[in-house]
Amino acid sequence: MSENLIGYIDNQGNIIDTQSAGQSCEGRAIEYDNSDEALEIIRHSTAHLMAQAINELYTNAKFFVGPVVDEGFYYDFEVDEKIGEEDLKKIEKKMKELIKKKYKIEKYEISKDEALEKFANDELKLAVLSRIDDDKLTIYKQGDFEDLCRGPHVPALRFLNNFKLTRVAGAYMGGDENAKMLTRIYGIAFADKQSLKDYMKMMEEAKKRDHRKIGSEMELFMFNEESGAGLPFWMPKGAKLRYKLENILHKAHIKRGYQPVRGPEILKADMWRTSGHYACYGENMYLTEIDGQEYGIKPMNCIGHIQIFKQTSKSYRDLPLRYYEYGVVHRHEKSGVLHGLLRVREFTQDDAHIFCTPEQIAPEVIKVVEFVDSVMKLFNFDYTMEISTKPEKAIGEDEVWEMATQGLKTALEENNLQYTIDEGGGAFYGPKIDIKITDAIGRKWQCGTIQVDFNLPQRFEVEYVAEDNTRKQPVMLHRAILGSFERFIGILTEHYAGEFPLFIAPTQVIIVPISEVHNSYAKELQAKLLDIDIDTEVFDKNESLNKRIRTAEKQRVPFVVIVGDEEVEKNSVAIRDRRKKEQYNLSFEYFMVELSKQLNEGKI
RNA sequence: GCCCAUAUGGCUCAGGGGUAGAGCACUUCCUUGGUAAGGAAGAGGUCGUGAGUUCAAGUCUCACUAUGGGCUCCA
């Protein structure tokens with residue numbers, strides 16, 4: 001047996017650890033390295049080692065589950081003491097001590113009855129046992145510490161040297177909000193020290209991209225304690241960025257046959273009763289009273305669009321009818337989930353509702369998917385798609401749900417688009433396709449969405465006149481491409497680390513005059529650039545040239561141009577180009593051509 | 001909402017029971033400079049809010065507010 005053997009993969013792809021394999025095992029060997037399989041074993045064992053350390057350090061420690069997850073591992077447990085960030089070091093130290101004791105990790109089998117008896121005083125383990133059907137259970141033992149576990153584990157503690165406990169958190173037992181809260185510690189482990197170092201470095205780099213940090217550095221947006229949580233303010237730079245994005249999207253919508261509309265921010269509660277929002281989404285709504293009548297601030301824009309559709313009679317010739325709105329919505333998100341711009345209580349959706357016939361669903365869904373793709377490509381985003389099915393709180397017949405869900409799947413499958421399924425994750429009125437983008441530190445956020453809805457048209461008696469002169473009900477597709485400007489700009493900020501492409505950059509050019517006598521030339525250029533929709537700043541403060549160049553370079557703008565005697569004379573500019581990372585001179589005329597070219601890259 | 005942590009000038013942070021500190025930013029003056037920090041002076045904080053302990057509270061206690069990390073991934 002090799003020194004570095006920590007397990008096998010059998011022909012079904014299962015990982016078998018050395019304890020389970022015994023003397024003889026066919027199957028591919030898993031060596032101690034950073035392969036996915038090896039890391040799974042290493043991290044799982046590190047979670048156990050952590051549990052052993054916690055068990056020695058704290059009184060009455062009881063353990064729930066300690067799985068390997070996408071990024072490392074965690075263990076959920078309960079102790080009498082409070083555990084904070086500071087305690088992680090203490091636990092890490094204990095873990096290192098335990099490794100030195102060179103325990104073997106051994107495995108033995110017991111029956112479920114034996115297990116129930118063994119863990120009779122441990123309610124957490126009993127909870128774990130209650131979720132297991134098998135009668136044959138296994139225990140892993142290292143030193144005095146034993147834990148119910150199905151493995152796999154490394155054969156000895158010496159394989160667990162490179163780990164780091166990353167955070168403490170509370171976690172509901174089994175993820176159930178009604179269950180009790182346990183303490184969870186997350187950690188990460190690798191096969192070698194350098195990989196761990198690299199990982200920690202990467203996390204640090206990611207933090208530098210955090211949109212909240214860059215957002216305040218660049219003065220894009222802010223929050224204000226006195227005004228309330230989750231309510232973003234857009235500062236001038238951020239507002240500029242945002243309106244540029246809005247303008248790009250406006251044109252893209254018009255080009256694709258959408259028409260702008262706008263509904264009120266607040267509607268009578270009865271309207272929300274009819275829609276089902278009051279019953280299914282009421283917890284997230286802000287309600288108020290006007291002249292003795294109850295009103296609800298809109299959490300979605302669909303109801304407004306339905307009223308507009310119904311205002312004039314519609315024919316089948318009008319379908320598919322596409323209404324879009326940058327709709328401001330308010331939602332009462334739980335205080336604990338608010339997160340910078342990525343989860344707020346007031347935000348603007350790039351929302352649209354497509355009224356169409358059932359036959360038009362598939363082609364319309366495809367069109368939206370293509371729209372999404374062109375926006376994602378514009379910003380070089382990787383994204384994933386997920387189909388969400390009927391949730392617990394929902395309106396409408398199962399049959400209708402089934403049909404709509406199938407429609408979405410077919411549309412994606414016919415175009416060979418990959419997707420995953422989120423059972424029960426749909427909106428209350430229909431199934432949906434969600435488009436998810438990953439943030440700087442690997443968290444996935446829902447951005448765009450496409451939802452099929454047979455229910456609201458029925459509830460609001462939405463109709464059109466069909467070819468045969470009968471009245472029929474259209475289907476509604478709810479869709480958003482960015483999702484919300486807030487979240488999208490948050491992710492965009494992390495994606496570009498604040499160095500936005502020229503077509504949305506808040507300030508696109510900074511002009512640095514060499515001395516005071518060149519200020520008028522700089523202002524002249526500024527005016528001409530504004531004529532072609534380029535936002536500029538002139539850095540003409542009473543500071544040294546070097547200082548002003550340095551400050552300009554730190555602003556994350558696409559171009560810094562320097563102008564002095566030579567430029568004034570030749571009507572040119574000396575350019576520091578962020579994209580090319582070099583300096584060169586251009587005639588001002590040609591510079592404007594180049595800028596227009598880069599502005600055009602934003603067209604979709 | 002729940003668990004843990006954090007809260008000091010616009011920003012980043014130091015201080016840790018005895019009457020507030022630094023750097024950057026800001027203001028004024030000198031300097032008018034050809035490619036990443038020229039110099040000098042100055043202004044700015046009831047240390048998140050409210051209670052409590054104490055002769056004395058940014059500093060200790062509690063509550064609230066806000067912020068941060070989590071709360072699907074099944075021995």
Side-chain angles (χ1 to χ4, degrees), chain A residues 44 47-48 51 63-71 73-76 78 82-88 110 112 115 119 124-134 137-140 146-151 153 166-186 207 210 212-213 216-217 219 222-231 283 332-340 422-425 441 443 512-519 540-554 560-567 574-576 583:
Chain A
H44 194 176
H48 270 241
F63 297 90
F64 187 55
V65 295
V68 172
V69 288
D70 285 348
E71 201 145 329
F73 62 86
Y74 67 76
Y75 218 123
D76 282 351
E78 205 178 16
K82 273 191 180 181
I83 295 189
E85 298 283 337
E86 286 300 303
D87 300 306
L88 294 185
I110 58 173
K112 185 154 183 182
F119 294 109
L124 296 191
K125 279 300 167 209
L126 292 178
V128 172
L129 283 166
S130 73
R131 313 154 129 217
I132 304 171
D133 292 333
D134 293 357
L137 306 174
T138 54
I139 302 276
Y140 280 80
E146 291 192 330
D147 198 13
L148 179 70
C149 181
R150 71 171 166 196
H153 282 293
T166 48
R167 46 190 172 237
V168 230
Y172 294 107
M173 187 163 81
D176 177 1
E177 250 182 287
N178 304 311
K180 76 158 121 182
M181 171 113 352
L182 305 176
T183 303
R184 172 175 295 182
I185 297 182
Y186 282 93
K207 275 190 194 146
D210 191 312
R212 291 165 299 193
K213 185 175 156 64
S216 77
E217 274 172 20
E219 299 179 1
M222 53 174 263
F223 292 89
N224 178 263
E225 184 178 336
E226 279 82 49
S227 308
L231 304 170
E283 287 170 3
H332 181 235
E333 300 288 352
K334 288 177 183 171
S335 61
V337 304
L338 300 175
H339 182 93
D422 176 14
E423 292 293 348
I441 56 174
R443 290 178 291 209
V512 183
I514 285 181
S515 76
E516 226 169 278
V517 296
H518 311 113
N519 285 358
D540 59 356
K541 270 205 311 203
N542 182 16
E543 274 164 349
S544 69
L545 178 63
N546 280 356
K547 174 72 179 284
R548 285 178 291 133
I549 288 173
R550 177 184 151 84
T551 316
E553 278 291 332
K554 286 176 71 182
V560 174
V561 312
I562 320 289
V563 293
D565 285 340
E566 196 188 318
E567 286 72 26
I575 296 172
R576 286 171 153 254
Q583 299 175 24

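Each chain gets a letter, A, B and so on, in the order the sequences are listed, and its residues count up from 1.
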#### Entry: nucleotides 33-48 of chain B: protein proximity per nucleotide (B base, S sugar-phosphate only, - neither; heavy atom, under 4.0 Å)
BBBBBB----------

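Between R212(A) and G68(B), a side-chain N or O to OP1/OP2 separation shorter than 4.0 Å is present. When the side-chain nitrogen and oxygen atoms of R167(A) are compared with OP1 and OP2 of G70(B), one or more of them lie within a distance under 4.0 Å. Phosphate proximity of C71(B) to Y186(A): present, with a side-chain N or O under 4.0 Å from OP1 or OP2. OP1 or OP2 of C73(B) sits under 4.0 Å from a side-chain N or O of Y74(A).
With sequence neighbours excluded, no residue satisfies salt bridge (Lys or Arg N to Asp or Glu O under 4.0 Å) with E516(A). Residues passing the salt bridge (Lys or Arg N to Asp or Glu O under 4.0 Å) test with E553(A) are R576(A), sequence neighbours excluded. Under the salt bridge (Lys or Arg N to Asp or Glu O under 4.0 Å) criterion, E566(A) pairs with K570(A), sequence neighbours left out. In this structure E219(A) satisfies the side chain to side chain contact (heavy atoms under 4.5 Å, CB included) test together with M235(A), sequence neighbours excluded. With sequence neighbours left out, I132(A) forms a side chain to side chain contact (heavy atoms under 4.5 Å, CB included) with V128(A), D134(A), L137(A). Taking E333(A) as the reference, R343(A) meet the salt bridge (Lys or Arg N to Asp or Glu O under 4.0 Å) condition, with sequence neighbours excluded. Residues passing the ring pair (Phe, Tyr, Trp, His ring centres under 6.0 Å) test with H339(A) are W445(A), sequence neighbours excluded. By the side chain to side chain contact (heavy atoms under 4.5 Å, CB included) test, D176(A) is found to be paired with N178(A), A179(A), residues two or more places apart in sequence or in another chain being considered. D565(A) meets the side chain to side chain contact (heavy atoms under 4.5 Å, CB included) test with H518(A); sequence neighbours excluded.
Heavy-atom nearest nucleotides on RNA chain B were determined for F223(A) and for D134(A), and the one closer to the 5' end corresponds to F223(A). When each of G340(A) and G84(A) is assigned the nucleotide of RNA chain B bearing its nearest heavy atom, the one mapping closer to the 5' terminus is G84(A).
Among the heavy atoms of the strands lying under 4.0 Å from A169(A) is at least one base atom, whether or not backbone atoms are also near. T183(A) comes within 4.0 angstrom of nothing in the nucleic acid, heavy atoms only. Within the 4.0 angstrom heavy-atom criterion, only backbone atoms of the sugar-phosphate kind lie near I83(A); the bases stay farther away. Here G230(A) lies in heavy-atom contact (under 4.0 Å) with sugar-phosphate atoms only. Counting non-hydrogen atoms under 4.0 angstrom, V337(A) reaches a base of the nucleic acid.
Scanning RNA chain B for stems, defined as runs of 3 or more consecutive Watson-Crick or G-U wobble pairs whose donor-acceptor distances all fall under 3.5 Å, gives the following ranges: B:1-7 with B:65-71, B:10-13 with B:21-24, B:26-30 with B:38-42, B:48-52 with B:60-64.
Checking G1(B), C73(B), C74(B) against the side-chain heavy atoms of D70(A) singles out C73(B) as nearest.
For the pair E217(A) CD and C13(B) P, the computed distance is 11 Å after rounding to whole Å. Atom-to-atom, CD of E283(A) to P of G1(B) comes out at 13 Å; the value is rounded to the nearest Å. In this structure, E86(A) atom CD and C4(B) atom C1' are separated by 12 Å, rounded to whole Å.
Here K82(A) does not pair with D87(A) in a salt bridge; the nearest charged N to carboxylate O distance is not below 4.0 Å.
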Atom pairs under 3.5 Å: protein N/O with N/O of nucleotides 14-16 of chain B:
none

